[in-house]
Q: 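Provided herewith is a single structure, encoded as structure tokens, for subsequent inquiry.
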Amino acid sequence: MPKSQPRAWQRMLSGRRLDLLDPTPMDIEIEDIAHGLAFVARWNGQTRGDFAYSVAEHSILVTDIHARLAPKGPAKWQLAALLHDAPEYVIGDMISPVKAAVGPGYGALDDRLTAAIHLRFGLPAVLPKSVKALIKRADKISAWLEATQLAGFDPAEADKFFGHPDPTIIDGLHLHLRPPSDVRQDFTARHKALLESL
């Protein structure tokens, strides 16, 4: 008797069944993304405080930084910034050394999920290179802030890994750890506001 294929789908709290090998936009719900990301810890949970610093909180911060970098940019690229780590609601947040060890399979899975998520919310499956580069820049600035404020890095060490951010871009950005329910609500509200401004 032939072996059955291993299960490659996950049931979401919305009731959707997301096929990880062939994700479709119809199986993507923002509530599932917000809920999952609010419970996924950045830095493998190695941050100070009574709550994990979640990927949802990070995504909101990246969106805020992106807005500072491109204050006149269109709302759709702000939405892309908010969703830049959205696949992690299913596959979790792997630190860069683990991604390197896992190999190209991780990147392919991430790309499939990203395309489905983008299409679900009216974005191109693959972002223009200039947009992706700006989001990556905001992501690195966010990583510097997280490293120095939450993850125990001194500024010189963070500079080596993430580059030193422009002080005018990070002025006034202080990270606060919050319960997942608060972060989930803010992530969903930000998504709604950005969709309404498209």
Side-chain angles (χ1 to χ4, degrees), residues 4-47 51-63 65-66 77 79-127 131-133 135-140 142-143 146-147 150-151 161-162 177-181 183-188 190-191 194:
S4 62
Q5 292 290 342
R7 178 169 68 90
W9 56 267
Q10 179 176 349
R11 185 170 308 284
M12 300 295 160
L13 288 178
S14 65
R16 297 286 189 188
R17 195 166 104 165
L18 182 65
D19 184 339
L20 300 179
L21 299 178
D22 187 23
T24 66
M26 294 304 295
D27 291 324
I28 308 292
E29 297 292 344
I30 195 60
E31 293 80 9
D32 293 330
I33 293 171
H35 182 81
L37 294 183
F39 284 94
V40 174
R42 294 262 300 161
W43 303 92
N44 273 353
Q46 298 300 306
T47 51
F51 297 103
Y53 184 74
S54 72
V55 174
E57 192 82 83
H58 161 78
S59 298
I60 294 167
L61 177 61
V62 168
T63 306
I65 294 168
H66 185 277
W77 302 143
L79 180 60
L82 183 69
L83 297 172
H84 80 283
D85 279 339
E88 294 178 10
Y89 87 108
V90 178
I91 57 179
D93 179 41
M94 288 191 196
I95 59 173
S96 297
V98 175
K99 288 178 185 176
V102 169
Y106 178 89
L109 175 58
D110 187 271
D111 289 346
R112 285 194 299 272
L113 287 164
T114 296
I117 291 164
H118 282 179
L119 293 173
R120 170 68 175 85
F121 300 114
L123 297 170
V126 178
L127 297 177
V131 172
K132 204 167 180 179
I135 293 170
K136 186 65 180 169
R137 185 173 162 208
D139 195 34
K140 287 186 92 170
S142 171
E146 294 163 19
L150 300 173
F161 290 105
F162 311 112
L177 300 180
R178 303 183 292 154
S181 58
V183 181
R184 177 181 61 211
Q185 184 177 346
D186 284 356
F187 185 97
T188 306
R190 180 72 63 95
H191 179 266
L194 288 169

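When a residue number appears, it is its place in the shown sequence, counting from 1.
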Q: For atom CZ of R137, is the number of surrounding heavy atoms from other residues, nucleotides or ligands below 6.0 Å larger than 12?
A: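 No, not enclosed.
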Q: Just to verify, what does D19 make a side chain to side chain donor-acceptor pair (under 3.5 Å) with, not counting sequence neighbours?
A: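 By the side chain to side chain donor-acceptor pair (under 3.5 Å) rule, D19 matches no residue at all.
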Q: Say whether, by atom type as modelled, one donor and one acceptor occur between the side chain of R42 and the main chain of A143 under 3.5 angstrom.
A: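 No, because the side chain of R42 does not come within donor-acceptor range (under 3.5 Å) of the backbone of A143.
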Q: Identify whether the distance between the nearest side-chain nitrogen and carboxylate oxygen of D110 and K99 falls below 4.0 Å.
A: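 The answer is no: the pair does not qualify as a salt bridge.
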Q: Let me see the working for L13 and E31 under side chain to side chain contact (heavy atoms under 4.5 Å, CB included), right down to the final yes or no.
A: CA-CA 9 Å; L13 288 178; E31 293 80 9; over 6 Å; no
Q: Indicate yes or no: at least one non-hydrogen side-chain atom of I28 is less than 4.5 angstrom from one of Y89.
A: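 The answer is yes, as the side chains (C-beta and beyond) meet within the 4.5 Å cut-off.
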Q: Rounded to the nearest 0.5 Å, what's the gap from CG on D22 to CZ on R112? Could you check?
A: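 So the gap between those two atoms works out to 8.5 Å.
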Q: Side-chain contact, heavy-atom cut-off 4.5 Å: H118 with L127?
A: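 Contact flag for H118/L127 side chains = yes.
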Q: Establish, yes or no, whether a centroid distance under 6.0 Å links the rings of H191 and F187.
A: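 Not under 6.0 Å, so no.
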Q: Is T63 reaching over with its side chain to a backbone N or O of S59, donor-acceptor style, under 3.5 angstrom?
A: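 Yes; at least one donor-acceptor contact below 3.5 Å.
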Q: I need the T24 OG1 to R120 CZ distance, nearest 0.5 Å.
A: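 Rounded to the nearest 0.5 Å, the OG1-CZ separation comes to 10.0 Å.
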Q: Could you tell me the separation between the CE atom of M26 and the CG atom of L119, rounded to the nearest 0.5 Å?
A: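 Separation between the atoms: 12.0 Å.
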Q: For the residue pair R16 and D27, what are the closest heavy atoms and their distance?
A: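 Heavy atoms only, the tightest pair is CB-O, 3.7 Å.
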Q: Just verifying a value: how many Å separate W43 CH2 and E146 CD, rounded to the nearest 0.5 Å?
A: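 The distance works out to 6.0 Å.
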Q: Give the minimum heavy-atom separation between W9 and R7, together with the two atoms involved.
A: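 For W9 and R7, the tightest heavy-atom pair comes out as O-NH1, 2.5 Å.
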Q: What verdict does the side chain to side chain contact (heavy atoms under 4.5 Å, CB included) test give for L83 and I135, after you've listed the backbone C-alpha separation in whole Å, the side-chain angles of each residue and the deciding distance to 0.1 Å?
A: CA-CA 10 Å; L83 297 172; I135 293 170; over 6 Å; no
Q: Can you name the nearest heavy-atom pair linking D93 to A41, along with the distance?
A: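 Heavy atoms only, the tightest pair is OD2-O, 3.7 Å.
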Q: So which atom in A81 and which in V62 form the shortest heavy-atom distance, rounded to 0.1 Å?
A: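 Answer, listing the atom of A81 first, then V62: O-CG1, 4.2 Å.
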Q: So how far is it from W77 CH2 to L82 CG, rounded to the nearest 0.5 Å?
A: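 Here the rounded value is 14.5 Å.
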Q: Within a radius of less than 6.0 Å around CD of Q10, do more than 12 heavy atoms belonging to other residues, nucleotides or ligands occur?
A: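 Correct, the count exceeds 12.
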Q: Consider side chain to side chain donor-acceptor pair (under 3.5 Å). Of H58, K136, K132, H66, which one does H84 pass it with?
A: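 Among H58, K136, K132, H66, the one that satisfies the side chain to side chain donor-acceptor pair (under 3.5 Å) with H84 is H58.
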Q: Hey, could you give me the CD1/CG distance between I91 and L113, rounded to the nearest 0.5 Å?
A: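 Atom-to-atom, I91:CD1 and L113:CG are 6.0 Å apart.
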Q: Between L61 and S142, which heavy-atom pair has the shortest distance, and what is it?
A: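 Nearest heavy atoms, L61 then S142: CD2-OG, 3.3 Å.
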Q: Any side-chain heavy atom of L150 within less than 4.5 Å of one from L177?
A: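 Side chain of L150 against side chain of L177, heavy atoms only: contact under 4.5 Å found.
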Q: Distance-only, no hydrogens or angles: does the D32 side chain make a donor-acceptor pair with backbone N or O of S14 under 3.5 Å?
A: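 The answer is yes, because a donor-acceptor pair under 3.5 Å joins these two groups.
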Q: Using every non-hydrogen atom in the two residues, find where S54 and A38 come nearest and quote the distance to one decimal.
A: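 Looks like CB-O, 3.4 Å.
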